[in-house]
A.B. asks: 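Before I ask anything, let me first share the structure, which is written out below as structure tokens.
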Number of protein chains: 2
Amino acid sequence: MPGKAGKRATVHDIAAAAGVSRGTVSRVLNGGYVSATARAAIERAIREVGYVPNTAARNLVMQRSQAIGFIVLEPHSLFLEDPNIGGIMLGANSTLSAADYQMVNLVVDSERDTARITRYLSGGFVDGAIIVSARTHDPIIQVVGSLALPSVFVGHPRDLHPDIPYVGIDNLASAEEITRRLLATGRRRIGMIAAAVDRDSGADRLAGFQQALGPLYDETLVADVPLYDFACGAKGMRTLLEREPEIDGVFAASDAVAAGAMEALREAGRAVPADVGVVGFDDSSWASRTRPTLSTVHQPADDIGAYAADMVLRQLKGEQITRRGVLLPSPIVWRDSA
Amino acid sequence: MPGKAGKRATVHDIAAAAGVSRGTVSRVLNGGYVSATARAAIERAIREVGYVPNTAARNLVMQRSQAIGFIVLEPHSLFLEDPNIGGIMLGANSTLSAADYQMVNLVVDSERDTARITRYLSGGFVDGAIIVSARTHDPIIQVVGSLALPSVFVGHPRDLHPDIPYVGIDNLASAEEITRRLLATGRRRIGMIAAAVDRDSGADRLAGFQQALGPLYDETLVADVPLYDFACGAKGMRTLLEREPEIDGVFAASDAVAAGAMEALREAGRAVPADVGVVGFDDSSWASRTRPTLSTVHQPADDIGAYAADMVLRQLKGEQITRRGVLLPSPIVWRDSA
DNA sequence: GTCTGATGTGTGAACGTGCACACAGTAGGA
DNA sequence: TCCTACTGTGTGCACGTTCACACATCAGAC
């Protein structure tokens with residue numbers, strides 16, 4: 001590895017070593033008319049001097065940052081608990097770094113941070129953005145819409161800007177499908193622990209549940225909880241048991257909620273799946289930890305991240321986005337809880 | 001917000017608006033002799049034109065990237081499972097972005113990636129690095145040592161470069177302390193499920209366990225498992241039960257391992273904590289999910305991240321690092337499992 | 001022989017910033 | 001009066017890259 005200590009090699013050094021001008025070196029690097037002999041000499045020189053392009057200089061003249069913002073609109077604590085965000089992040093990061101883009105993480109903790117994010121997005125620090133967990137009516141949606149920043153939403157809030165594509169899963173159809181299976185196993189008094197209904201994912205899962213039950217749907221058998229977590233699940237289940245002791249099936253809005261529900265059922269002396277069938281959502285690590293293991297909807301977090309990154313990259317290449325959004329397949333995983 | 005659509009404002013625009021030269025604007029921005037009137041005019045102009053400094057141009061002339069690498073030497077899957085990395089990342093990110101540094105995530109999945117990382121670190125893409133989970137004898141340690149890159153290790157492998165500080169917790173002392181408490185509750189046949197002993201954290205936890213037991217230490221009561229996870233915990237516990245059916249206490253190398261162990265104990269018909277006391281490590285979400293809840297060692301992940309970031313920042317400011325490393329307090333959390 | 005088009009190559013300018021330097025004005029002391 | 005020190009300001013250059021332009025060479029057609 002030559003030049004490890006001294007100054008970094010530049011295009012000038014390559015040009016000198018290969019006996020050509022900077023312009024020709026640039027053409028080898030970026031494409032253009034270059035003779036075979038010159039190209040060979042330059043490529044050899046590049047290896048010899050251990051050339052690595054200077055990102056700052058390139059960005060300066062190209063008027064771009066070669067960075068993509070990964071914006072998570074969640075408090076820190078939720079960011080850590082959500083079983084999908086990590087996978088989405090990793091998936092996006094792989095795709096982005098393969099295309100020589102740098103991912104910049106932005107966790108928007110409080111509402112006040114919106115101003116900071118706006119400044120960041122409009123300040124030229126990123127060439128595009130992947131926005132995760134935008135709540136319905138989130139002000140950031142309008143901001144990104146008015147900026148002409150190539151971006152993509154993970155999830156699909158109803159009121160998002162028509163020009164900005166989304167990638168996600170079909171929460172409604174998956175919720176409907178897994179609820180149907182609960183019906184197919186003979187359950188009749190089926191309840192739901194609905195979480196985070198202020199978000200598109202939460203609202204859609206509830207809608208799918210309702211759609212699957214049809215006339216069997218009973219509003220009193222829906223417990224509303226704020227978060228997708230264990231404690232909320234336990235609380236929601238206790239509410240349901242109180243309202244309807246004969247309950248024999250539960251669709252929990254997430255695996256963590258389902259685990260909480262199973263805990264509450266255990267406390268109440270109900271067996272799963274003998275007395276009550278339980279299904280979850282996410283196929284997170286919770287699902288294989290519970291006893292019995294949990295039937296759930298698999299979220300392809302890695303693919304979602306990769307796809308989202310790809311969509312931003314395509315916009316950056318000037319491709320016209322024709323489809324408003326994509327819903328990736330989210331297969332159901334049958335285990336022991338229902 | 002003026003200039004939202006057109007070109008971004010530069011120092012020239014400010015200078016023109018304030019009726020001064022670029023140099024004076026630069027001095028307002030970076031400190032230097034500026035008259036009160038000029039300063040006021042410039043500050044007003046800055047607000048008026050909505051100036052945001054161009055990072056690329058600044059980085060180019062300053063010969064730095066204003067970015068810090070957050071390098072995780074783990075496969076993707078482990079990165080997602082580890083209960084601490086997320087918190088460390090968030091903690092580091094907060095400190096870094098407060099200091100106007102950008103965190104760049106690098107997850108080194110395979111051994112081959114070491115070459116890519118080396119190129120990245122020596123290529124001027126980052127001004128410093130936070131390196132997480134370096135295994136003993138990891139080649140990256142030598143690379144960072146030979147580059148004069150300001151960096152810090154999270155954890156403290158024995159053979160790290162003497163000039164590079166570390167931040168972590170005292171795995172040995174904490175392991176010793178929690179094992180002692182197991183002794184204090186009257187347990188006498190105490191085993192350990194040791195995980196990842198090729199890493200400093202794993203080796204230290206085992207050493208602490210051994211030290212606490214003293215003459216009571218029995219090598220046959222240590223089950224070695226490769227990973228800090230649930231499945232390994234269950235397997236390790238079965239091994240221990242087979243070797244010593246009279247076992248009455250277990251120190252698991254992590255909460256996930258402890259949860260697996262509790263599962264194996266349940267299968268074997270042993271009650272926790274009545275028959276067997278169990279303690280874990282990490283104070284992750286596992287600890288409050290298990291029944292009974294798990295006594296464990298709390299890892300201040302957020303603080304570790306923040307402290308690591310701060311140490312890199314201080315090196316960047318030219319501060320001499322006198323202490324080789326810092327061990328943050330990791331209090332023991334007593335719950336129901338022992 | 002000269003025009004035209006394709007293929008190569010070199011040069012100058014520009015991107016936006018920070019810093020070194022030159023320079024101007026003022027005040028105080030010898 | 002001159003020298004020095006201090007405060008304040010403007011200008012040129014450098015950072016490493018890309019791009020537009022000018023120019024050179026060569027083949028084939030007229």
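Numbered from 1 within each chain, the chains take letters A, B, ... in sequence-line order. Values below: all heavy atoms of this structure, side chains included; hydrogens, waters and symmetry mates excluded. Since we're looking at a predicted model, the values are computed, not measured.
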A.B. asks: Rounded to whole angstroms, how far apart are CD on Q63(B) and P on dT17(C)?
C.D. replies: 17 Å
A.B. asks: Between N30(B) and S26(B) (side chain of the first, backbone of the second, donor and acceptor by atom type, cut-off under 3.5 Å), is there such a pair?
C.D. replies: yes
A.B. asks: Between V154(B), V72(B), L73(B), which is the residue that forms a side chain to side chain contact (heavy atoms under 4.5 Å, CB included) with I131(B)?
C.D. replies: L73(B)
A.B. asks: Of the non-hydrogen atoms in G87(B) and L80(A), which two are nearest, and what is the gap between them?
C.D. replies: N-CD2, 3.6 Å
A.B. asks: State whether the side chain of N59(A) and the backbone N or O of A56(A) hold a donor-acceptor pair below 3.5 Å, judged by distance alone.
C.D. replies: no
A.B. asks: Respond yes when some side-chain nitrogen or oxygen of T10(B) is under 4.0 Å from OP1 or OP2 of dC15(C), and no when none is.
C.D. replies: no
A.B. asks: If you walk 5' to 3' along DNA chain D, what is the first nucleotide with an atom under 4.0 Å of a heavy atom in chain A, and what is the last?
C.D. replies: dG16(D) to dC19(D)
A.B. asks: Report yes if a donor N or O on one partner sits less than 3.5 Å from an acceptor N or O on the other, where the partners are the side chain of R27(B) and the base of dG18(C); otherwise report no.
C.D. replies: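 No pair found.
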A.B. asks: Which is more 5' along DNA chain D, the nucleotide nearest S35(B) or the one nearest A57(A)? Just name the residue.
C.D. replies: S35(B)
A.B. asks: Is the backbone N or O of P75(B) less than 3.5 Å from a side-chain atom of S77(B), with the two atoms forming a donor-acceptor pair by type?
C.D. replies: no
A.B. asks: Measure the distance from CG on N59(A) to C1' on dC15(C) and round it to the nearest whole Å.
C.D. replies: 11 Å
A.B. asks: So, does Q102(B) use its side chain to make a donor-acceptor pair with the main chain of Q66(B) at under 3.5 Å?
C.D. replies: no
A.B. asks: For Q299(B) and I169(B), what are the C-alpha separation, side-chain angles and deciding distance, and is it a side chain to side chain contact (heavy atoms under 4.5 Å, CB included)?
C.D. replies: CA-CA 7 Å; Q299(B) 284 225 44; I169(B) 59 166; 3.6 Å; yes
A.B. asks: Is the shortest side-chain N/O distance from Y33(A) to OP1 or OP2 of dG8(C) below 4.0 Å?
C.D. replies: no
A.B. asks: Is there, by distance only and without an angle test, a donor paired with an acceptor across the side chain of R22(B) and the base of dG18(C) below 3.5 Å?
C.D. replies: yes
A.B. asks: Measure from the side chain of V61(A), starting at C-beta and using heavy atoms only, and say which of dA20(C), dA14(C), dT17(C) lies closest.
C.D. replies: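 Selected nucleotide (nearest to the side chain): dA14(C).
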A.B. asks: Under 4.0 Å, counting only non-hydrogen atoms across every strand here, what does A56(A) touch: a base, just sugar-phosphate, or nothing?
C.D. replies: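 Counting heavy atoms under 4.0 Å across all strands, no contact is made by A56(A).
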A.B. asks: dG18(C), OP1 or OP2 - any side-chain N/O from N30(B) closer than 4.0 Å?
C.D. replies: yes
A.B. asks: Rounded to whole angstroms, how far apart are CZ on F125(A) and C1' on dG16(C)?
C.D. replies: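 The distance from CZ of F125(A) to C1' of dG16(C) comes to 13 Å, rounded to the nearest Å.
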A.B. asks: Please state how far atom NE2 in H12(B) lies from atom P in dG16(C), giving the value in whole angstrom units.
C.D. replies: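 It works out to 8 Å between those atoms.
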